[in-house]
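Structure first, then comments.
The figures that follow rest on heavy atoms only: side chains count, while hydrogens, waters and symmetry mates do not.
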Amino acid sequence: MWLMRRSLVVLSLVFSATLCGATLISDKPDTPFKLATFEAQGKTRIGMALGDHMLDLNGANAYVEKQAGLQAVKLPAEMRELIEQYPAASRRMYQIANYLKDKKLDGPAFAFAFDKVAIKAPIKYPYNLMNMAANYWTHAREMGVKKDVDQDRDDPFIFAKSPRSCIVDPGTPFYIPEGRDRIDWEGELAVIISKPAFRVPNQKALDYVFGYSIMYDVSDRGPRHRKDPMFTGPDWFSGKSLDGAAPFGPFIVPKEFMTHPHDIHIMTRVNGVVKQDGNTSDMIYDVEHQVAYISSIMTLYPGDIISSGTMGGVGVARKPPEFLKPGDVVEISIDGIGTLRTPIAAMSQRPGAAAGQ
């Protein structure tokens, strides 16, 4: 913690210093960008998606420092560390985006065409991955919720997934286990936490949000009840925590470039056919209430994720019900963020599955 504070102080001093001979570049968020973790030329990097290029953040930083005569600043090389240091590091990142926005980026070694990189899950791995259940009016109604719900009166229903076991990269297949024939789609807005949050009031909750991404809450709708159960009700662990059941990405949009989290269009397609088409304005519990409620119980940490629930149009609620099968492709698109693509495959197709790996 002391080292992190020290690094933030050093970065602040660097930015506040008068740089003689340096090109004047705005350190304000004038040029929108997205963040990603990607692999290129055998190396995993932190990326800034700017226009039609993916920039190696540290390579772009070194280039801009040299070209503009800026004082050297070391930026983090891992997403969670970047989130922790963002209050100071963001000023240099704004300078990078503002300087490069009108430049031709086909030649520099730090700039990659999107088809030349492999985009990974933005954060590997957060400490906590929390999920909102039945958090859109359209989805709650299609699942049979008839009671009146008030976000200021009633507590939401939250469940957790294992970040390490469930989060997978964009484009990575979800492998359906044997005997699980009721796998459903749920496209969701992912809320990324910026700083430690404990007992955060609603009116300050957005101060603890770093940005937004996309999560696919893979769900098994099959009945999972034990014989002579000690407790009644569905088995949320079995239905929600299958291995690889949280495809995540491809980008994180910092909140300064996405200032209205309660008016965002979300669409889910299966094999190109629209299955879900909605807006975050349909949420029962808004982002502020999600952060406030979860942090009233546990501490949230930088890089933690709240998957904020899905809208109406899931497969189990259709008449007749529809479920995924090997060969299907689920695509979740959120305006301003991008598209998360997840192929569906059989467990027998998973590398090492035959050997029990």
Side-chain angles (χ1 to χ4, degrees), residues 129-147 149 156-162 165-168 172-190 214-227 229-248 266-278 282-285 305-332 340-350:
L129 170 52
M130 312 304 294
N131 300 260
M132 299 289 294
N135 190 38
Y136 281 64
W137 289 109
T138 51
H139 181 50
R141 298 307 184 211
E142 72 179 0
M143 297 299 284
V145 176
K146 300 184 184 303
K147 296 179 180 179
V149 180
F157 190 94
I158 312 291
F159 62 93
K161 291 192 178 191
S162 164
S165 297
C166 294
I167 287 178
V168 293
T172 297
F174 173 76
Y175 297 98
I176 300 177
E178 297 83 353
R180 304 284 187 119
D181 59 357
R182 293 170 63 89
I183 302 300
D184 209 342
W185 52 84
E186 291 195 28
E188 306 194 357
L189 178 73
I214 306 173
M215 183 73 70
Y216 173 14
D217 175 19
V218 179
S219 301
D220 178 8
R221 305 294 190 183
R224 301 287 165 183
H225 297 274
R226 293 189 303 160
K227 184 178 180 181
M230 294 172 60
F231 305 102
T232 59
D235 184 348
W236 284 84
F237 173 70
S238 178
K240 292 289 191 176
S241 293
L242 293 170
D243 211 60
F248 173 40
I266 306 178
M267 181 179 289
T268 302
R269 295 179 176 89
V270 177
N271 303 328
V273 178
V274 174
K275 299 296 186 180
Q276 294 180 291
D277 189 356
D282 187 40
M283 283 184 183
I284 299 173
Y285 299 91
I305 303 168
I306 302 173
S307 196
S308 58
T310 201
M311 57 205 154
V314 298
V316 72
R318 293 174 175 269
K319 300 185 187 305
E322 301 175 17
F323 299 107
L324 297 168
K325 61 186 183 304
D328 289 340
V329 176
V330 178
E331 293 176 302
I332 302 165
L340 173 63
R341 182 179 183 275
T342 304
I344 306 299
M347 183 60 70
S348 60
Q349 297 174 279
R350 177 170 169 167

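With hydrogens and angles ignored, the 3.5 Å screen pairs a side-chain donor or acceptor of R318 with a backbone N or O of K275. With hydrogens and angles disregarded, a donor-acceptor distance shorter than 3.5 Å links the side chain of E188 to the backbone of G309. Put simply, the side chain of T138 gets close to the backbone of G312: a donor and an acceptor are under 3.5 Å apart. Here the side chain of E186 pairs no donor or acceptor atom with the backbone of V314 at under 3.5 angstrom. K240 places no side-chain N or O within 3.5 Å of a backbone atom of K161 that could act as its donor or acceptor partner. At least one donor-acceptor pair under 3.5 Å links the side chain of Q276 to the backbone N or O of G187.
Here the CD1 atom belonging to I284 is positioned 12.0 Å from the OG atom belonging to S308, to the nearest 0.5 angstrom. In this structure, CG in N131 is found 4.0 Å from CZ in F159, a value given to the nearest 0.5 Å. The CE atom of M143 sits 13.5 Å away from atom CZ of R141, with the distance rounded to the nearest 0.5 Å. Once rounded to the nearest 0.5 Å, the distance linking CG of D328 with CG of N271 reads 4.5 Å.
Taking 4.5 Å as the limit, every side-chain heavy atom of L242 sits out of range of all side-chain heavy atoms of Y175. The side-chain heavy atoms of I167 and L129, taken from C-beta on, include a pair separated by under 4.5 Å. Residues F174 and I344 are in side-chain contact: their nearest non-hydrogen atoms beyond the backbone lie under 4.5 Å apart. Side-chain contact between F323 and V316: present, with at least one pair of heavy atoms (C-beta onward) separated by less than 4.5 Å. Taking 4.5 Å as the limit, every side-chain heavy atom of C166 sits out of range of all side-chain heavy atoms of M215. For the pair M132 and I158, the minimum side-chain heavy-atom distance is below 4.5 Å. Contact annotation: the side chain of T342 never approaches that of W185 to less than 4.5 Å [non-hydrogen atoms, C-beta and beyond]. Put simply, the side chain of T268 reaches to within 4.5 Å of the side chain of M311, judged on heavy atoms.
For F237, the CZ atom counts as loosely surrounded, since its 6.0 Å shell holds 12 or fewer non-hydrogen atoms of other residues, nucleotides or ligands.
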Exercise for review: Take Y136 and I266 through the side-chain contact (heavy atoms from CB on, under 4.5 Å) test and state the conclusion after the steps.
Suggested key: CA-CA 12 Å; Y136 281 64; I266 306 178; 3.7 Å; yes

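In summary, the side chains of D217 and S307 do not present any donor paired with an acceptor at a separation below 3.5 Å, with no hydrogens or angles considered.
The only member of V329, D184, V270, V218 that meets side-chain contact (heavy atoms from CB on, under 4.5 Å) when paired with L324 is V270.
Of all the heavy atoms in A134 and A140, the pair that sits closest is O-CB, 4.2 Å. A160 and S241 get closest at one heavy-atom pair: O-OG, 3.8 Å.
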